[in-house]
Student: 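Provided herewith is a single structure, encoded as structure tokens, for subsequent inquiry.
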Amino acid sequence: MAEEKSQKMLAKTQKVRDLCNLPESETVIQDYYCSYGMSIGGRLYITQNYVIFHCNLPLCLEQIPFRKIADIQKEKNLIGLSNSLLIKTQEKEYSFGSFVHRDETYNLLQHLLKYPPSFIQLDESSHTAQSSITIAPASTTPGDRMSHAGFSDVGYGKQQPARQSVPPDVLSGHWGGQGASGFSASDIVQRKKHLDVDTDLSKQVLRDALEARQMGADTLNELGRQAETIDRIERNVENVHASMDRGERHIRGIESVGGSLKNFFTSDKDVGNRTAYNPVDRRIQLDDKPPENVDLPILLKHSNDFLTPALLRFTEDCVKCVEADPPNRPYKGLSFPYTSFAQFVVRARPQHLDLRFKDPNAPRFRLMSSHIQGIVNELALRCPGGKVLFEPGIRTFQYGSRALCQRAVKVGRDGGGGGMFRAKQKLASNVLSDNVTDQTKAAFDEQDRHLDQLTDVVGDLKVIATGMGTELDRQNQQLEHVTTRVDQANERVFRNNFRVKQLI
């Protein structure tokens, strides 16, 4: 069954690649029956980076890159049926109708528009990124990456000339032989050999950051000593109240015979007992762990295969599906302890995942997400005994590494690169030309190390700032309590003074 589905998906993907001359990294995620213009009986193919409509009668091919989409809207057709979508770009508007699953198509397009699919590759030995993250699949042609084999963004009829290859020793454009600069290619190469890399500035910035971190650490120590002082003040205020409890008992005995009898028949062991100061360890504990709750956007796949936006929330002891919009109410029956999972099946349909349980009677939990690598990684780390399976024909990826659990990068289609996870880049010298001297490469590497250290220091500063904020909030609450108790003690002193004056 899985093999058959895989073959069907591969056939659809190959058809779209052949029609639009797309790179091999582009795969069909989903396709829907719809119409466009005068075309009927066409299909809308959705890949990682394109929306493609194809129809044979009449012949029509429309290719819309996600990066050019400005807006997607639901529409009604001329007779009032809610089965149409309007896709707007800066150049043109595309109106597609006759959808059977219009809302599902809309949800999928919005998800891919907001969250471009991406993957990260880690070096297995060092667990550092081998390469920068690439929106998958990336264009193979610089410039306008939407044009392939003579087809423009809007299909047939607008052919563009293929790019001419440029010999490595010839510079075109602004730096060409007729350019305003007047430099030849050899001049540019010579200039590259002697790049001046200023590492003093990165050293100074790093020194300033280290100094700021030390100041933050000193401030934390001072806050700890301040907390101990507040504890002593609070204990002394409570002792003042204890002394006044005993004094009020004596005044009550002097004021009346009834008060004396009450004192006689009640014990005074627990009245006015002063307690010694017991020091509390107020050292501030810094928690540099990521938050327990991790939210990843998904499209929840229902039993009828309909897709709705949701969040997959990883908590300390379970994973749950919650609504995408605030207040993020959890879906009933979609909260699962990590020990309940048996398998995580990455489906042949790209970006789709099935969560299967140890209980054979439990239904599958199905989803689609651009962040499938992050979801599988979290499940692999949190679920004991859970196995990850890849169906035939689907792209495999790394998982089960703490190095992947770095902060998410929120990048849209117009963000230019990026992806779901961010990891450390390779050394800068690895991407420099061979024409650059070893001295320049060493300077670049030194500057790169400074920036890596600076990143770590900035992370420490964030943790320190969070710890300081938490401790200051606690101390403010404690001071409010002390202030209230001091006001109460003042009122009791005033009242007891009046009672003593009445006795004199």
Student: Indicate whether the side chain of Gln475 and that of Asp473 have a donor and an acceptor atom separated by less than 3.5 Å.
Tutor: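 Their side chains do not contain a donor-acceptor pair, so the 3.5 Å distance test is not met.
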Student: What residues, two or more places apart in sequence or in another chain, satisfy side chain to side chain contact (heavy atoms under 4.5 Å, CB included) together with Ala209?
Tutor: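 If we apply the side chain to side chain contact (heavy atoms under 4.5 Å, CB included) test to Ala209, skipping adjacent residues, the hits are Leu454, Val457.
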Student: Between Phe341 and Phe344 (judged by ring centroids, cut-off 6.0 Å), do the two rings come close enough to count as a pair?
Tutor: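 Ring centroids of Phe341 and Phe344 are less than 6.0 Å from each other.
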Student: Going by distance alone, is a donor N or O of one side chain under 3.5 Å from an acceptor N or O of the other, for Gln214 and Asp218?
Tutor: yes
Student: Step through it carefully: locate the ring centre of Phe397, locate the ring centre of Phe390, and say whether they are under 6.0 Å apart.
Tutor: yes
Student: Would Glu24 and Arg17 pass as an ion pair if we require N to O under 4.0 Å?
Tutor: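 The answer is no: the pair does not qualify as a salt bridge.
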Student: Is there a donor in the side chain of Glu391 and an acceptor in the side chain of Ser6, or the other way round, less than 3.5 Å apart?
Tutor: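 There is no such pair between these side chains.
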Student: Show your working on side chain to side chain donor-acceptor pair (under 3.5 Å) between Glu238 and Asn236 and close with a plain yes or no.
Tutor: CA-CA 5 Å; Glu238 295 302 322; Asn236 290 338; over 6 Å; no
Student: Return the set of residues passing salt bridge (charged side-chain N to carboxylate O under 4.0 Å, His left out) with Glu211 (not counting sequence neighbours), or none when no residue passes.
Tutor: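 Glu211 satisfies salt bridge (charged side-chain N to carboxylate O under 4.0 Å, His left out) with no residue once adjacent residues are dropped.
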Student: With respect to Phe53, which candidate in Tyr32, Tyr36, Tyr45 satisfies the ring-ring contact (aromatic ring centres under 6.0 Å, His included) definition?
Tutor: Tyr36
Student: When rounded to the nearest 0.5 angstrom, what is the spacing between CZ in Arg366 and CD1 in Ile298?
Tutor: 12.5 Å
Student: Mind checking what makes side chain to side chain contact (heavy atoms under 4.5 Å, CB included) contact with Ser340, not counting sequence neighbours?
Tutor: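 Per chain and number, Ser340 pairs via side chain to side chain contact (heavy atoms under 4.5 Å, CB included) with Phe336, Pro337, Phe357.
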Student: Return the set of residues passing salt bridge (charged side-chain N to carboxylate O under 4.0 Å, His left out) with Glu93 (not counting sequence neighbours), or none when no residue passes.
Tutor: none
Student: Could you tell me if Arg356 sits above the aromatic ring of Phe365, with its cationic atom closer than 6.0 Å to the ring centre and no more than 45 degrees from the axis?
Tutor: no
Student: Going by atom types only, do Gln48 and Thr27 share a side-chain donor-acceptor pair under 3.5 Å?
Tutor: yes
Student: Can you name the residues that form a side-chain hydrogen bond (donor to acceptor under 3.5 Å, both in side chains) with Lys387, not counting sequence neighbours?
Tutor: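 side-chain hydrogen bond (donor to acceptor under 3.5 Å, both in side chains) list for Lys387, sorted by chain: empty.
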Student: Holding to side chain to side chain contact (heavy atoms under 4.5 Å, CB included), I want the full list of residues that pass it with Glu446, two or more places apart in sequence or in another chain.
Tutor: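 Side chain to side chain contact (heavy atoms under 4.5 Å, CB included) check on Glu446 returns Thr199, Lys203, Arg449, His450.
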Student: With rounding to the nearest 0.5 angstrom, report the CD to OG1 distance, Gln478 to Thr483.
Tutor: 10.5 Å
Student: Does the side chain of Gln204 come under 3.5 Å of the side chain of Arg207 through a donor N or O and an acceptor N or O?
Tutor: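 Indeed, the side chains of Gln204 and Arg207 share at least one donor-acceptor pair under 3.5 Å.
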Student: Scan side-chain atoms only and decide if Asn377 and Gln373 contain a donor-acceptor pair under the 3.5 Å cut-off.
Tutor: no
Student: Would Glu222 and Arg225 pass as an ion pair if we require N to O under 4.0 Å?
Tutor: yes
